Amino acid sequence: MRFVKPSEIKNQFASDNYAPVCSEVWEALTAVNSGYANSYGDDPWTGRACDLLREFFETDCQVFFVFNGTAANSLSLASLCQSYHSIIAHELAHVETDECGAPEFFSNGTKLLLVPGEHGKVDLDAVAHTVTRRSDIHYPKPRVLSLTQATELGTVYTPEELQALRETARRFDLRIHMDGARFANALASLRVAPKELTWQAGVDVLTFGGTKAGMAIGEAVVFFDLKLAQEFAYRCKQAGQLASKMRYLSAAWIPLLQDGVMLRHARHANAMATLLAERLSRHPQVEVMHPVEANAVFVRMPEAMLESLQAQGWYFYTFIGSGEARLMCSWATREEDVGELVSAVESWNGAD
Ligand SMILES: *Cc1c(COP(=O)(O)O)cnc(C)c1O
């Protein structure tokens, strides 16, 4: 991607990680930034953040704070597998397309087996077929089903869909990993209790995204099966994912988990995406490609329109999915930003 000075980036819809840190987190970090505290997680804020996560999920889960999603996914997947196992994931899953082979690397070679599925959700029959098509010793033994919630295409798995997947996973003795880089958006969209999308749906480990939800840095790895968390701390340390000044990673969770702040931000991001989709879909040459259930809108538009928008300085990705434009909203997206992009689309006259 070409380098752009921050001042040149106007109303972008590239990603939710282009957004700044929300004020609640910034204030919490300022508040912890005083005096000495024990390092490596032995501080009061880390304990408090873990307790809040346990309250949030209404269960006794084990929590680890790491720097980013690639590490959270790779290390948690590695903890579920032996190197001769395999992980079933959607063909567009971040673990496959955007982690530079880190899941395979950290698991010493556990293979990803990809399955198709409409709108970014794994197809149940394809999962079953992938497990049953071979049972001999030459095939890497399927061990984990990895699901992304919200998906890479901006859709969500409903609790009912998760229960069906859980049945399939149980039948084939698969553990369930959930990539929740945008878990907050899924929760806000489905309006159910966090437990319904996680341990009550058979999820063994969740990577809970903080960065895209309004933090500066950080994701939480949440183990619902406590046995799987044994020795996970060593994995984090060995992979360079144990923060020594841990309070700055963990304290950011505290304001987000209190008073529904994270959900409020996620609801806003989702609402902006819904508004954007609704307004863009009125244009005869713009087609919304997937149901807008979280904070992303995927649109197909004429190539010349796309180029014209980019030439005017609009930022969005076109490499996810099958070449359409992905317009991602965040907690910081304003209604005016949506309006300006819609105006730019409406004023395109097809000549340039
Ligand atoms: C952003 C994202 C991640 C995390 O990516 P990092 O850049 O490693 O923090 C993981 N999964 C999905 C689906 C994502 O969108």
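If you're wondering where the values come from, they're calculated on a predicted model, not measured in any experiment. Counting starts at 1 for both ligands and their atoms, following the listed order.
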Enquirer: For atom 11 (N) of ligand 1, grab the closest protein heavy atom and report residue, atom and distance to one decimal in Å.
Expert: Asp179 OD2, 2.6 Å
Enquirer: Can you name the closest pair of heavy atoms from Ala184 and Phe208 and give their distance?
Expert: N-CE2, 4.4 Å
Enquirer: Measure up the His265 and Trp331 rings against each other and bin them: parallel (under 30°), tilted (30 to 60°), perpendicular (over 60°).
Expert: tilted
Enquirer: Hey, would you say the Phe224 and Phe57 ring centroids sit under 6.0 Å apart?
Expert: yes
Enquirer: Check ligand 1 against Arg182 and write out every atom of the ligand that is under 4.0 Å from a heavy-atom position of the residue.
Expert: 15 (O)
Enquirer: Between Thr70 and Asn68, do the side chains contain an N or O donor and an N or O acceptor separated by less than 3.5 Å?
Expert: no
Enquirer: Quick one: are the ring centres of Trp45 and Tyr248 less than 6.0 Å apart?
Expert: no
Enquirer: Considering distance alone, does some N or O of Gly69 sit under 3.5 Å from an N or O of ligand 1?
Expert: yes
Enquirer: Is the side chain of Asp204 donor-acceptor paired with the backbone N or O of Ile176 at a distance under 3.5 Å, no angle test?
Expert: yes
Enquirer: Taking distance alone, with N or O pairs closer than 3.5 Å, would you say Glu152 contacts ligand 1?
Expert: no
Enquirer: With a 6.0 Å cut-off on the ring centroids, do Phe316 and Phe298 count as close?
Expert: no
Enquirer: With heavy-atom distances below 4.0 Å as the criterion, list the atoms of ligand 1 near Thr148.
Expert: 13 (C)
Enquirer: Quick one: which ligand 1 atoms are inside 4.0 Å of a heavy atom on Asn68?
Expert: 8 (O), 9 (O)
Enquirer: Are any of the heavy atoms in Thr211 under 4.0 Å away from ligand 1?
Expert: no
Enquirer: What protein heavy atom sits nearest atom 15 (O) of ligand 1, and how far away is it?
Expert: Lys212 NZ, 2.6 Å
Enquirer: Would you please classify the geometry between the Tyr317 ring and the Tyr18 ring as parallel, tilted or perpendicular, with 30° and 60° separating the classes?
Expert: perpendicular
Enquirer: Pick one of side chain, backbone, both or neither for how Asn17 approaches ligand 1, counting any non-hydrogen atom pair under 4.0 Å.
Expert: neither
Enquirer: Under 4.0 Å from ligand 1, counting heavy atoms only, is it the side chain of Thr70, its backbone, both or neither?
Expert: both
Enquirer: Ala181 heavy atoms, cut-off 4.0 Å: which ligand 1 atoms fall inside?
Expert: 2 (C), 3 (C), 10 (C), 11 (N), 12 (C), 14 (C)
Enquirer: Give me the residue, atom name and distance of the protein heavy atom closest to atom 10 (C) of ligand 1.
Expert: His94 ND1, 3.3 Å
